[in-house]
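Computed from heavy atoms alone, side chains included, the values below leave out hydrogens, waters and symmetry copies. Note that the coordinates shown come from a computational prediction; the quantities given were computed from them, not determined experimentally.
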Amino acid sequence: MLSKRAVAWTKAQYAHGPLNPYHPTANPDGKVSFANAENWLMHEDLTQFINARSQFTEFCCSYGEGFTGTVRLRTAMAKHVNTHFKPAREIDAEQITFSAGVTELNEVCAMLTCNPNAGESVMLGKPVYGAFAKDLTMRTGVELEYVDVGDTDQFSPDCVAAYEAGFEAAKARGVDIKAIMLCNPHNPLGECYPRETLVGLMHLCAAKGMHLISDEIYALSAYNQDKPSSVQFTSVLSIDPTGIIDPAQVHVLYGMSKDFGAAGMRLGCVITQNIEFTKAVRAICRFSTPSQYSMDLAAKLLEDQDYLSGFLEKSQRRLTESRLLVEELLTKAGISFHQKGNAGFFMWLDLTAFLPLEEADGDGWAAERLLSQRFYDDGVIMAAGEAYHAPSPGKFRVVFCLEEDTIREGIRRISAVLGH
């Protein structure tokens, strides 16, 4: 007999088993996956770096210093953050805690800010990263409060009023919002929050007694779009909290998976000036201890800032080139997309006009699911907007940092499904 929660977990989807990836010669009938946000454009460079520096000491065979990240790694990450995030107050190693990925730290943040099954909640604007729905709730007893702040204008300072209205509406229903969680740069829209919007949200969190959790895992994957509407990345750490918010209410998530193309390292960290928050994170992270081998490699990478500067510059250049290619192909195919993105690995498509509404009895979400299945059946995988709490059906997220032949084949298959 299983517990009630175990029975619920058996219904959850998870990745498992062999992949069937497309390759133009080795596997031309394989699936083109635009689903997972990984920077395949930099995997070869990273692999070369790792293979050249994969000499380990006996220390890596041990439990090491505990569950929270080695001093060496936390020191290297602090220097990296101080260099690239330009914090208003210098970050030191004791303000950083590592875990086996940011996914686990998402969950930890929910547990540390909300009591379980007590009507306490984390608030998010929609659309937003779909996996938060699992990360923040699956084991925590925490509910999520989604606020409709619009599909393309949630970066304006005007969005603060929408969050405040959402807070008050939840309060009227007996829901106590304990934190706002942001993706900055945003997933799936690929935009960065302007400084004035971040300041407005910090003021709101201070006024309402909420934590502000900023997921900044794509911080250095912002690239040049040369568009007037493009906003460059600003970390909440770079904003002096004096007169705005108690810094103990502000927490940043970062890791190796995105900017460094190192999802396989399974390394994420939380950066906070809240000593009690740090103590609690470190206590719970014993269940998600990072590998000593991963931490050794990550420290070597972060310590080599000369190499890393070139690596990041190359990554941003390749992201720009790949984004422009996909924009060109989508435009030729008559497929609309969100224009303002200049960060992250993805674009937000608008396929509303192609929804098979008649076959779904006019149900837009059912039509989106039907279209998603047709893409899959024709060999292309994309995340659908429903999973991202899109305000309306018909949106899909496409990851663009793949090899050019894979991109071209994937968009060809999308076009075929849409009848182009």
Side-chain angles (χ1 to χ4, degrees), residues 13 31-37 124-134 144-156 159 162 166 183 185-191 225 227 229 322-323 325-402 407-420:
Q13 294 182 343
K31 300 286 188 185
V32 173
S33 178
F34 289 134
N36 288 335
L124 308 101
K126 60 181 183 179
V128 74
Y129 175 53
F132 280 150
K134 286 183 182 177
L144 301 184
E145 189 77 14
Y146 289 94
V147 177
D148 188 352
V149 290
D151 205 15
T152 57
D153 63 355
Q154 63 172 284
F155 305 96
S156 161
C159 79
C183 281
H186 192 271
N187 182 358
L189 297 180
E191 288 191 65
Q225 273 289 70
K227 295 179 179 178
S229 60
S322 194
R323 163 90 188 206
L325 170 64
V326 174
E327 285 188 1
E328 178 186 350
L329 295 174
L330 290 172
T331 300
K332 287 181 179 178
I335 297 172
S336 299
F337 54 89
H338 181 56
Q339 299 278 344
K340 292 184 179 179
N342 66 317
F345 305 158
F346 29 72
M347 295 168 63
W348 193 233
L349 308 188
D350 185 356
L351 303 183
T352 307
F354 301 98
L355 291 177
L357 292 170
E358 292 183 4
E359 300 174 52
D361 296 324
D363 184 335
W365 296 113
E368 181 181 280
R369 290 190 288 273
L370 180 56
L371 183 57
S372 182
Q373 184 62 49
R374 287 177 179 171
F375 286 139
Y376 184 84
D377 292 343
D378 275 37
V380 64
I381 306 171
M382 288 189 293
E386 185 174 20
Y388 290 77
H389 292 266
S392 59
K395 307 300 191 298
F396 286 81
R397 192 191 76 164
V398 60
V399 172
F400 62 77
C401 44
L402 302 167
I407 288 172
R408 289 184 180 276
E409 175 63 15
I411 293 180
R412 186 196 66 78
R413 294 180 185 185
I414 292 172
S415 297
V417 171
L418 298 179
H420 282 242

Examine distances only and state if a side-chain atom of [X] and a backbone atom of [Y] form a donor-acceptor pair shorter than 3.5 Å.
X: Glu386; Y: Glu368; result: no
X: Arg397; Y: Pro188; result: no
X: His186; Y: Pro127; result: yes
X: Asp361; Y: Asp363; result: no
X: Ser33; Y: Ile381; result: no

[atom2] on [Y] to [atom1] on [X], rounded to 0.5 Å:
X: Arg374; Y: Leu418; atom1: CZ; atom2: CG; answer: 10.5 Å
X: Leu330; Y: Leu325; atom1: CG; atom2: CG; answer: 9.0 Å
X: Gln373; Y: Asp378; atom1: CD; atom2: CG; answer: 10.5 Å
X: Phe132; Y: Asn187; atom1: CZ; atom2: CG; answer: 7.5 Å
X: Asn36; Y: Cys401; atom1: CG; atom2: SG; answer: 10.5 Å

Could you report the tightest heavy-atom contact between [X] and [Y], atom names first, then the distance?
X: Ser322; Y: Leu402; result: OG-O, 4.2 Å
X: Val128; Y: Cys183; result: CG2-SG, 4.4 Å
X: Gly385; Y: Trp365; result: C-CZ3, 4.4 Å
X: Ser415; Y: Ile335; result: OG-CD1, 4.4 Å
X: Pro356; Y: Leu370; result: CG-CD2, 3.7 Å
X: Val32; Y: Gly410; result: CG1-CA, 3.6 Å

Picking from [options], what satisfies side-chain contact (heavy atoms from CB on, under 4.5 Å) with [X]?
X: Met347; options: Glu327, His338, Gln339; value: Glu327
X: Val417; options: Leu351, Asp377, Leu371; value: Leu371
X: Val398; options: Phe337, Phe345, Phe34; value: Phe34

**Report entry** Within-4.5 Å side-chain heavy-atom neighbours: Thr352 and Lys395
**Finding:**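 SC-SC contact between Thr352 and Lys395 confirmed.
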Report task. Output, in order, the C-alpha distance, side-chain angles, deciding distance and verdict of side chain to side chain contact (heavy atoms under 4.5 Å, CB included) for Lys332 and Ile411. Result -> CA-CA 10 Å; Lys332 287 181 179 178; Ile411 293 180; over 6 Å; no
Requested in this report: With side chain to side chain contact (heavy atoms under 4.5 Å, CB included) as the test, would you mind laying out the steps for Leu329 and Arg408 before giving the verdict?
Outcome: CA-CA 8 Å; Leu329 295 174; Arg408 289 184 180 276; 3.5 Å; yes
Query - Chi angles and distances behind the side chain to side chain contact (heavy atoms under 4.5 Å, CB included) call for Gln13, Lys134 - result: CA-CA 10 Å; Gln13 294 182 343; Lys134 286 183 182 177; 3.9 Å; yes
Query raised in the report: For Tyr146, what residues pass the side chain to side chain donor-acceptor pair (under 3.5 Å) criterion, not counting sequence neighbours?
Result: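 Scan of Tyr146 (side chain to side chain donor-acceptor pair (under 3.5 Å), adjacent residues dropped) gives His389.
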Report task. Could I get the full list of side chain to side chain donor-acceptor pair (under 3.5 Å) partners for Thr331, not counting sequence neighbours? Result ->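 Applying side chain to side chain donor-acceptor pair (under 3.5 Å) to Thr331 gives none.
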Report task. Among Phe375, Phe346, Trp348, Tyr376, find the residue that satisfies the ring-ring contact (aromatic ring centres under 6.0 Å, His included) test when tested with Phe396. Result ->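 Checked Phe375, Phe346, Trp348, Tyr376 against Phe396; only one passes ring-ring contact (aromatic ring centres under 6.0 Å, His included): Phe375.
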